[in-house]
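Below: the structure, in structure tokens.
We count residues from 1, following the sequence as given. These numbers were taken from a predicted model, which means no experiment stands behind them.
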Amino acid sequence: MDYLITFLVGGAICAVVQIVMDNTKLLPGRIMVILVCLGAVMSAVRIYEPFANWAKAGATVPLIGFGHLLFKGVKEAVDSQGFVGIFYGGLEQAAVGIAGALILSFLAALVFKPKMS
């Protein structure tokens, strides 16, 4: 049942984002920023944590889950270290995902040849 919920929630989030991309003139970069900010705001008002616990990876893997992760890291760092936690909490929490994306992007750039249009 967990797999079904994860698949349906993740698919629904991606479908909504695709509809927004198709029906607005927003650029993909702006949509990505909106999703990260939306995840952080939903975490701030304590909506996203119960949703993520219920939907598992269906809610944490899409980009909106990255905003939740950043907010959660900042909140924990501020609670333990004070004001300085604002500057490193989110990055500390998301370091593995960021490093993985950078490393895999670098490896893909080595393997594939870019084509200029």
Side-chain angles (χ1 to χ4, degrees):
M1 190 64 177
D2 285 342
Y3 292 122
L4 180 64
I5 291 170
T6 299
F7 176 76
L8 292 175
V9 170
I13 291 171
C14 293
V16 168
V17 172
Q18 188 64 49
I19 290 168
V20 170
M21 289 177 73
D22 291 344
N23 294 316
T24 66
K25 292 184 179 182
L26 289 172
L27 297 173
R30 289 186 179 177
I31 293 173
M32 290 173 25
V33 169
I34 290 169
L35 288 171
V36 172
C37 292
L38 182 63
V41 168
M42 288 175 67
S43 291
V45 296
R46 299 175 190 230
I47 295 173
Y48 206 81
E49 187 73 32
F51 175 63
N53 289 338
W54 174 72
K56 311 274 190 287
T60 57
V61 170
L63 199 51
I64 195 170
F66 185 67
H68 165 66
L69 181 68
L70 290 175
F71 179 81
K72 191 167 92 171
V74 168
K75 184 178 180 314
E76 290 173 4
V78 167
D79 289 344
S80 65
Q81 301 293 324
F83 182 76
V84 176
I86 292 172
F87 300 107
Y88 75 88
L91 291 175
E92 184 179 53
Q93 189 80 12
V96 172
I98 294 170
L102 288 172
I103 291 167
L104 291 175
S105 298
F106 176 74
L107 293 174
L110 292 175
V111 173
F112 299 103
K113 298 203 183 273
K115 295 180 182 177
M116 300 300 287
S117 298

Original post:
Within a strict 4.5 Å, meaning less than it, do heavy atoms of the I64 and V36 side chains meet?
Top reply: no
**OP:** Work out which heavy atom in A77 is nearest to a heavy atom in G89; give both atom names and the distance.
**Re:** CB-CA, 3.5 Å
**OP:** Return the minimal non-hydrogen interatomic distance between S105 and A101, and the atom names on each side.
**Re:** OG-O, 2.7 Å
**OP:** Indicate, with yes or no, if L26 and V41 share a hydrophobic cluster defined by side-chain heavy-atom contacts under 4.5 Å among Ile, Leu, Val, Met, Phe, Trp and Tyr.
**Re:** no
Original post:
Which pair of non-hydrogen atoms, one from A59 and one from A52, has the smallest distance, and what is that distance?
Top reply: CB-CA, 3.9 Å
Original post:
Between W54 and F51, how do the two ring planes meet: parallel, tilted or perpendicular, split at 30° and 60°?
Top reply: tilted
**OP:** Could you tell me which non-hydrogen atom of L70 sits nearest to which non-hydrogen atom of G90, and how far apart they are?
**Re:** CD2-O, 3.4 Å
Subject >> S80 side, atom OG; K75 side, atom NZ - distance, nearest 0.5 Å >> reply: 10.5 Å
Original post:
In terms of heavy-atom contacts, does OH of Y88 have more than 12 from other residues, nucleotides or ligands at under 6.0 Å?
Top reply: yes
**OP:** Kindly indicate, with the supporting measurements, whether the criterion side chain to side chain contact (heavy atoms under 4.5 Å, CB included) is fulfilled by K56 and I5.
**Re:** CA-CA 8 Å; K56 311 274 190 287; I5 291 170; over 6 Å; no
Original post:
Quick one: does F66's side chain get under 4.5 Å of L63's, heavy atoms only?
Top reply: yes
Original post:
So if you build clusters from Ile, Leu, Val, Met, Phe, Trp, Tyr with side-chain heavy-atom gaps below 4.5 Å, do I103 and L110 land together?
Top reply: yes
Subject >> Pairwise distance CE(M21) to CG(L27) - rounded to 0.5 angstrom >> reply: 9.5 Å
**OP:** Treating Ile, Leu, Val, Met, Phe, Trp and Tyr as nodes and any side-chain heavy-atom pair under 4.5 angstrom as an edge, say whether V61 and Y48 lie in one connected cluster.
**Re:** no
Original post:
Would you say Q93 and V74 make side-chain contact, with heavy atoms under 4.5 Å?
Top reply: no
Original post:
Would a hydrophobic clustering, with Ile, Leu, Val, Met, Phe, Trp and Tyr connected at side-chain separations under 4.5 Å, put V78 with F83?
Top reply: yes
**OP:** Calculate, to the nearest 0.5 Å, the distance between atoms CG and CD1 belonging to L38 and I31 respectively.
**Re:** 12.5 Å
Subject >> Distance, nearest 0.5 Å, that separates NZ of K72 from OG of S43 >> reply: 8.5 Å
Original post:
Given the rule that I, L, V, M, F, W and Y join up when any side-chain heavy atoms are under 4.5 Å apart, are I19 and I34 in one cluster?
Top reply: no
Original post:
What distance do L8 atom CG and I13 atom CD1 have between them, rounded to the nearest 0.5 Å?
Top reply: 11.5 Å
Original post:
Rounded to the nearest 0.5 Å, how far apart are SG of C37 and CE of M42?
Top reply: 13.0 Å
